[in-house]
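Report on the following structure.
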Amino acid sequence: MAGDSNPIELALAPLHAELGAKFVPFAGHSMPVQYARGVMGEHQWTRENAGLFDVSHMGQVMLPDGSDAALEALVPVDVIGLAEGRQRYGFFTNDLGGILDDLMIARVPGGLFLVVNAACKDADLAHLRAHIDGVEDIEGRCLLALQGPKAEAALADLVPAVAAMRFMDSQRHDWTGAELWISRSGYTGEDGFEISVPNDRADAFARALLADERVEPIGLGARDSLRLEAGLPLYGQDMDTTISPVEAGQAWAVGKVRRAGGDREGGFPGSDIILDQIANGAPRRRVGLRPEGRAPMRAGVQIFADETSVTPIGTVTSGGFGPTLGAPMALALIDAATPKDAPLFGEVRGKRLHVTQTKLPFTPPGYKR
């Protein structure tokens with residue numbers, strides 16, 4: 001992977017530049033962070049209309065038919081029970097119960113289609129290839145995300161069949177001769193779609209969407225504020241190799257059949273630790289925080305139980321200002337023994353500021369169930 005000093009340019013970089021994007025290095029790629037509307041405006045546009053995101057930096061991987069059991073040995077997900085045309089969220093785990101990466105798994109004609117994080121892609125491919133034959137790194141396809149309450153109507157004008165797709169459906173559809181790999185999913189908390197499109201048709205497809213007055217280009221900045229308002233953890237910040245799925249609040253993704261007493265109990269790296277934490281609790285827990293005032297508490301801010309104690313009980317892992325919420329918000333990892341209604345304090349520039357624990361998400365989701 002290229003480093004931030006020599007980032008990879010997206011296939012649609014000329015289009016983003018034409019649209020006035022500002023670029024930043026992210027996960028080895030040069031990514032559009034915002035356009036003329038600005039992060040706040042792009043965030044609100046997506047909440048009310050449809051935002052088009054270029055997430056082509058993420059890895060697209062195909063596994064051959066018959067690799068179900070081998071993949072199940074790497075993730076605590078019910079892969080064998082995944083029906084064709086459906087998608088599930090999951091994560092690779094290590095022997096200590098930490099998370100190596102989170103990913104989407106879809107059963108498609110001919111195998112399993114995975115979408116993994118850009119920063120973890122090379123490690124994920126090596127991990128998969130050490131256990132599964134025939135792993136294919138899909139190149140030559142862009143990945144676009146159309147998100148927001150008007151995403152269905154906008155995409156259905158080009159591909160009418162998407163209107164019948166349910167949340168987490170994964171289907172292939174034709175658009176003027178180009179095969180689109182479409183899932184009804186995303187990472188903004190809004191209804192929407194992720195669309196894998198061949199590079200040589202991506203510019204035309206993106207322009208066709210942007211010609212719709214309901215669709216605007218949206219950058220990386222608003223993508224982060226949207227996912228944070230939705231209470232969605234980000235790999236590398238809210239999840240890493242030292243944080244278990246239970247601590248990260250992602251235990252819901254551990255399949256029933258992979259849990260204690262299930263038909264295919266355990267059998268994935270760190271399963272003894274993770275299943276014990278599901279049964280008996282983990283040392284830490286992810287929590288939503290609402291800081292008082294309007295100043296955000298960013299990642300790394302230490303959390304204390306009171307205004308005078310020396311030892312922190314946790315750390316903010318993601319934080320920012322929520323444009324829809326109209327207030328600052330943060331995700332933190334804290335000592336699990338902390339009472340859920342206890343007032344807490346975040347230390348910013350040597351000053352302890354009051355924060356309130358709150359249920360997630362910060363804003364209601366708009367998924368089409």
Exercise for review: Could you go through the side-chain hydrogen bond (donor to acceptor under 3.5 Å, both in side chains) check for Glu194 and Tyr187 one step at a time?
Suggested key: CA-CA 9 Å; Glu194 290 195 344; Tyr187 221 61; over 6 Å; no
Check your understanding: What residue pairs, at least two apart or across chains, pass salt bridge (charged side-chain N to carboxylate O under 4.0 Å, His left out) with a residue in residues 152-168?
Key -> Glu152-Arg184, Glu152-Lys368, Asp157-Arg214, Arg166-Asp169
Review point. Are any of the side-chain heavy atoms of Leu103 and Asp124 separated by less than 4.5 Å?
Key: no
**Study point:** Interatomic spacing from CD in Glu42 to OG in Ser225 - rounded to 0.5 Å
**Key:** 9.0 Å
**Study point:** His29 side chain to Pro25 backbone, donor-acceptor under 3.5 Å
**Key:** no
**Study point:** Results of side chain to side chain contact (heavy atoms under 4.5 Å, CB included) for Ala208 - residues two or more places apart only
**Key:** Leu158, Trp175
Exercise for review: Flag the pair Leu63 / Ile132 as yes when at least one side-chain heavy-atom distance between them is below 4.5 Å, and no otherwise.
Suggested key: yes
Review point. Do Gln171 and Val108 have side-chain heavy atoms sitting under 4.5 Å apart?
Key: no
Revision key, fill the gap. The single option from Arg258, Arg264, Arg259 that satisfies salt bridge (charged side-chain N to carboxylate O under 4.0 Å, His left out) with Asp78 is Arg264
Revision key, fill the gap. For Arg37, the salt bridge (Lys or Arg N to Asp or Glu O under 4.0 Å) test, sequence neighbours excluded, returns Glu216
Check your understanding: Less than 4.5 Å apart, any side-chain heavy atom of Leu155 and any of Ile195?
Key -> yes
Exercise for review: State which residue, out of Asp191, Thr46, Asn49, Thr188, fulfils the side-chain hydrogen bond (donor to acceptor under 3.5 Å, both in side chains) condition with Gln147.
Suggested key: Thr188
Check your understanding: Taking C-beta and beyond as the side chain, do Val61 and Val135 meet within less than 4.5 Å on heavy atoms?
Key -> yes
Practice item. Report the C-alpha distance between Leu143 and Gln60 in whole Å, list the side-chain angles of each, state the deciding distance to 0.1 Å, and finish with yes or no for side-chain contact (heavy atoms from CB on, under 4.5 Å). Key: CA-CA 8 Å; Leu143 189 64; Gln60 301 181 63; 3.8 Å; yes
Exercise for review: May I have the step-by-step check of side-chain contact (heavy atoms from CB on, under 4.5 Å) for His354 and Thr356, ending in yes or no?
Suggested key: CA-CA 7 Å; His354 184 260; Thr356 303; 3.5 Å; yes
Exercise for review: Look at the side chain of Glu265 and the backbone N and O of Gly261, then say whether any donor-acceptor pair between them is shorter than 3.5 Å.
Suggested key: yes
Exercise for review: Say whether Ile182 and Met104 are linked into one hydrophobic cluster, either directly or through other cluster members, by side-chain heavy-atom distances under 4.5 angstrom.
Suggested key: no
Practice item. Look at the side chain of Trp181 and the backbone N and O of Val197, then say whether any donor-acceptor pair between them is shorter than 3.5 Å. Key: no
Side-chain donor-acceptor distances from residues 109-119 under 3.5 Å, at least two apart:
unit_1: Asn117; atom_1: ND2; unit_2: Asp101; atom_2: OD1; d: 2.6
unit_1: Asn117; atom_1: ND2; unit_2: Asp102; atom_2: O; d: 3.4
unit_1: Asn117; atom_1: ND2; unit_2: Asp102; atom_2: OD1; d: 2.6

Practice item. Test Ser318 against Gln237 for side-chain hydrogen bond (donor to acceptor under 3.5 Å, both in side chains), laying out the working first. Key: CA-CA 6 Å; Ser318 285; Gln237 290 186 202; 2.7 Å; yes
Practice item. Please name all residues satisfying side chain to side chain contact (heavy atoms under 4.5 Å, CB included) with Asp200, sequence neighbours left out, ordered by chain then number. Key: Pro198
Point to revise | Test salt bridge (Lys or Arg N to Asp or Glu O under 4.0 Å) applied to Glu347 - qualifying residues, sequence neighbours left out | key: Arg352
Check your understanding: Would a distance-only check, ignoring hydrogens and angles, find a side-chain to backbone donor-acceptor pair under 3.5 Å from Glu72 to Val79?
Key -> yes
**Study point:** side-chain contact (heavy atoms from CB on, under 4.5 Å), paired with Leu289, selected from Val301, Thr358, Leu344
**Key:** Leu344
Practice item. Name all residues meeting the side chain to side chain contact (heavy atoms under 4.5 Å, CB included) criterion together with Asn94; count only those two or more places apart in sequence or in a different chain, and write none if there are none. Key: Leu96, Leu100, Thr241
Point to revise | salt bridge (Lys or Arg N to Asp or Glu O under 4.0 Å) partners for Arg284, two or more places apart | key: Glu247
Practice item. Not counting sequence neighbours, which residues clear side chain to side chain contact (heavy atoms under 4.5 Å, CB included) with Pro365? List them please. Key: Pro361, Tyr367
Review point. Can you check whether Thr93 reaches Pro76 side chain to side chain, under 4.5 Å on heavy atoms?
Key: yes
Review point. Do side-chain atoms of Arg290 reach the backbone of Phe362 as a donor and acceptor pair under 3.5 angstrom?
Key: no
**Study point:** Non-neighbouring partners of Asp137 that pass salt bridge (Lys or Arg N to Asp or Glu O under 4.0 Å), sequence neighbours left out
**Key:** Lys121
Practice item. Classify the ring geometry between Trp252 and Tyr89 as parallel (under 30°), tilted (30 to 60°) or perpendicular (over 60°). Key: parallel
Review point. Under 4.5 Å between side-chain heavy atoms, hopping through other hydrophobics if needed: is there a path connecting Leu232 to Phe53?
Key: yes
Point to revise | Leu71 and Leu128, any side-chain heavy atoms less than 4.5 Å apart | key: yes
Check your understanding: Side-chain contact, heavy-atom cut-off 4.5 Å: Leu19 with Leu210?
Key -> yes
Check your understanding: Other than Leu234, which residues form its hydrophobic cluster under the rule that side-chain heavy atoms must be closer than 4.5 Å?
Key -> none
**Study point:** Exercise: identify the closest heavy-atom pair between Asp203 and Arg207
**Key:** OD1-NE, 2.7 Å
Review point. Are more than 12 heavy atoms from other residues, nucleotides or ligands located less than 6.0 Å from atom CG of Asp133?
Key: no
Anything under 3.5 Å between a donor and an acceptor, one on a side chain of residues 320-335, the other on a protein residue two or more places apart or in another chain? List them.
unit_1: Thr324; atom_1: OG1; unit_2: His43; atom_2: NE2; d: 3.0
unit_1: Thr324; atom_1: OG1; unit_2: Gln44; atom_2: OE1; d: 3.3
unit_1: Thr324; atom_1: OG1; unit_2: Arg47; atom_2: NE; d: 3.3
unit_1: Thr324; atom_1: OG1; unit_2: Glu229; atom_2: OE1; d: 3.2
unit_1: Asp335; atom_1: OD1; unit_2: Ala337; atom_2: N; d: 2.8

